[in-house]
Structures are given as C-alpha cells and as structure tokens.
Amino acid sequence: MPELPEVETIRRGLENRVVGATIASIDVRAPKIFEGKPEDVIGHEITGVERHGKLLVFLLTGGNVLTVHLKMTGQLIWQPAADSQAEPVMGGHPEESYLHNLPHKHTHVVLKLSDGSTIFFNDLRKFGRMSVVPASNFNDLAFVQKLGPEPLEADFTRKYLQEQLQKRPRTVVKSFLLDQANIAGLGNIYADESLFRAAILPNRLSGSLTTGESNNLFDAIQETLELALMYGGSSEKDYVNAIGDKGTYLKIANVYHRTGKDCNRCNAGVIERIKIGGRSTHFCPICQH
DNA sequence: CACTTGACCTGTCCGC
DNA sequence: TGCGGACAGGTCAAGT
C-alpha cells in the first residue's frame, strides 16, 4: 500500500492532532507486530511526526522514537476522545465496517493518548511493524541507512538521478525506481505512473536513458508525487488516511490498474500489464519508448 | 552485481 | 455454490 503520498498524507493528518499529547497506554493485541517494550514510551510526549521514505516516526521525549511501517495493508487511524465536540467522528465511508467499531480483528496495536484520543494500528496482512528504537540509534538502522534522497526535497536533483541511473546501468528502470536506496518512497503505483508521465518504457535499462529522458523522468517523479499528494494518495483497497478517508488518485491514474483501457495520452495504445521483478507493471506500448 | 524466488499473512476475485 | 489458483500497495533473505 502506502507509498510516499499515502504515508505523507497520514503523517500530516497525525501531526496536527497528536503532537503535544502523551502516550497514556499501549494495548498490544498481536505481539509480533510490536517490537520493543511499550513501557519505554508510555508516559512520554509526542514531540513530532516524521516520515523517512515510507517509514513513519513518532518523536518522543525520554530518548526513544516509535517507528511504524505499514507495508502493504497497514492503517494508522486516529479517533478523537469519545466526548470530543471539536472533531467529526470519522472521515466517512460508513458502508465499510472495517473502519468502524475499532478495535476490530485486524487491529493489532491501540495507543491511548493523554487527551483521550486513540490511534489504532490495523493491518490485514500483518506485514507491518511498530518498533521502539532509541533515538540515538535511529540513523543507524539498516533500513534508514539505505534510504536514498527524498524525491520532493532539495537533495534529489537532476544530476543525482542521472548519475544514479548510470551507476546501475544494467538494472531495469522500473526496478531502479522501486529500490529505496535510489529514491525513498516510490512504490509500484507511482513508479508506473512516473514512467508513463516520462514516456519511458518500464523495461528499459537504466543505463540506456539519455540525459533528456533522465530529466523527463525527474520531472515526472516530482509531478506524479505532487499530484498524488493533492489527491490524498491512492486507495486500491485498504489505504485510508489518519481519519479514515480514502485517497482518490486512482481516478486520474494513467496506467496503474488500467489494463485494457485506452491510453489517455495517445488514444492509440491500450494499456498493457506485464511482470517486472515480480511486480505487476502497467504501461502504454505506443507512446512510451 | 543483478535478478529470481520465497517468505511473511489474509482476503478477494476469477475461471471452471 | 464450491474449489483452486492468481493476485495484492513492501521488504528481506537466500539462491543462481
């Protein structure tokens, strides 16, 4: 699920609701999902919510941080105190019961905050993890060390992308984009969408991209992610933001999950789906080259 | 080094 | 209606 736009949307939704609150209690309903000791974070204040690639990080007083990776189907849903009058109950979608009656059978961790609000960590497939990590060790985590630059920040440049492509010349460009060491936060949806926007076939070798194509790809990645952020991310199935709302990017997606449909750009091609690196990959065979 | 496969899990969808 | 297989946003380890 969650790629950069989804995780960032969750982060923004949490930041202005939980910063300043203290973690009052933690109910770990699925022990495998929670790594570390709950007592190391209970009683400590949340001072910030960061995102590093697809990893969410709650900054805390007391020397630890709480990291959350949602993997494919994880959700972090915040609900206000039961007696709160300031906030709506949920974002909507009452027809979908899995958003309601929290906690439910896919709720694995429940964080109660000092203001009476609650954060539910749900994950149908149980791939996701919540971990307590000493703040001083955070940057040494293998996962964090490997992360490449944030694609919407200043250290991601045209020059960097071109150089990095040439350092992995024999890697298929779709796989290059999915490698978090090259760019942090792209996943299967936005890799396909970015390649379409850049008009580059996903099975091209990274080393074969011209400077012009590399620059087009750079622009396409940033445009795609910014657009996805504006639409609140993509909800293929499970993704919801911090208050339970779905994202609507897939309404304007050009290739992802559009197999067999007419190409939005050239109107001549029909979107195809192939496998690259074991991941389904969507593209227009006519206007991507 | 680059690529593939399997593992981790549960659920949904499609064809027969 | 039931059954089996394919597939699903991510990452990691092991094998070729």
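Naming: A, B, ... by sequence-line order, numbering from 1 per chain.
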### Message
Is there aromatic stacking of A/F143 on C/dT11 here, judged by a ring-centre distance under 5.5 Å and a plane angle under 30°?
### Response
no

To the nearest angstrom, the CG-P distance between A/D238 and C/dG10 comes to 13 Å

Quick test of your reading of the model: are A/R11 and A/E8 salt-bridged, counting only N-O distances below 4.0 Å? yes

Q. Within less than 4.0 Å of OP1 or OP2 of C/dG10, is there a side-chain N or O belonging to A/R129?
A. no

Note: A/D192 and A/S280 closest approach over all heavy atoms is OD2-O, 3.8 Å

Using a strict 4.0 Å threshold on nitrogen-to-oxygen distance, state whether A/K167 and A/E163 make a salt bridge.
-> no

In whole angstroms, the gap separating C1' of C/dG9 from OH of A/Y239 amounts to 11 Å

Taking the six-membered ring for Trp, is the centroid-to-centroid distance between A/F218 and A/F156 below 6.0 Å?
yes

When rounded to whole Å, the CZ to C1' distance for the pair A/R279 and C/dG10 reads 6 Å

Per the under-4.0 Å heavy-atom filter, residues of residues 164-183 of chain A near DNA chain C come out as A/Q180

- [ ] Report yes if at least one side-chain N or O of A/S235 is closer than 4.0 Å to OP1 or OP2 of C/dG9; otherwise report no.
- [x] no

Side-chain atoms of A/M72 come closest, of C/dG10, C/dT11, C/dC7, to C/dG10

Between A/K71 and C/dC12, is there a side-chain N or O to OP1/OP2 distance below 4.0 Å?
-> no

- prompt: Using atom P of each nucleotide, how far apart are B/dT10 and C/dT1 to the nearest Å?
  reply: 26 Å

| message | Tell me if the OH atom of A/Y231 is crowded by more than 12 foreign heavy atoms within 6.0 Å. | response | no

Interatomic distance, OG1@A/T210 vs CG@A/N216, rounded to 0.5 Å, equals 7.5 Å

Taken to the nearest whole Å, CG/A/L250 to P/C/dG9 is 11 Å

Roughly how many Å apart are C/dG5 and B/dG6, using the P atom of each and rounding to a whole number? 15 Å

Would you find more than 12 non-hydrogen atoms of other residues, nucleotides or ligands less than 6.0 Å from A/R170 atom CZ?
-> no

Can you find a pair of side-chain heavy atoms, one from A/P202 and one from A/Q288, that are under 4.5 Å apart? yes

A/E6 CD to C/dA8 C1', in whole Å, measures 14 Å

Expected string for nucleotides 10-16 of chain B under the B/S/- scheme (protein heavy atoms, under 4.0 Å, primed atoms plus P, OP1, OP2 as sugar-phosphate) is BSS----

Original post:
Within the pair A/Y256 and C/dG9, is there a side-chain N or O less than 4.0 Å away from OP1 or OP2?
Top reply: yes

From NZ of A/K246 across to P of C/dG9 the rounded distance in Å is 16 Å

Does the side-chain ring of A/F127 lie flat on the base of C/dG10, meaning centres under 5.5 Å and planes less than 30 degrees apart?
yes

Closest to the 5' end of DNA chain C, once A/A142 and A/S280 are matched to their nearest nucleotides, is A/S280

Between A/V7 and A/P2, the two heavy atoms sitting closest are CG2-CB, 3.5 Å

Atom P, compared across B/dG11 and C/dT11: separation rounded to whole Å: 23 Å

Nearest heavy-atom approach of A/P151 to A/I221 is CB-CG2, 4.0 Å

Q. Is the shortest distance from a Lys or Arg side-chain nitrogen in A/R158 or A/D219 to a carboxylate oxygen in the other one below 4.0 Å?
A. yes

Compute the centroid of each ring, for A/Y190 and then for A/Y249, and state whether the two points are separated by less than 6.0 Å. yes

Q.
Does a side-chain N or O of A/H69 approach OP1 or OP2 of C/dG10 to a distance below 4.0 Å, or not?
A. no

Taking Watson-Crick and G-U wobble contacts under 3.5 angstrom, with | marking pairs to another strand and [ ] crossing pairs, the secondary structure of DNA chain B is written .|||||||.|||||||

Checklist line | Aromatic plane relationship, A/H257 with A/H282 - under 30° parallel, 30 to 60° tilted, over 60° perpendicular | finding: perpendicular

Note to self: Need one value for A/G187: base, sugar-phosphate or nothing, where a base atom within 4.0 Å counts as base even if backbone is also close, heavy atoms only.
What the structure shows: sugar-phosphate

A/I274 CD1 to B/dT4 P, in whole Å, measures 11 Å

From CG of A/N188 across to C1' of C/dT11 the rounded distance in Å is 13 Å

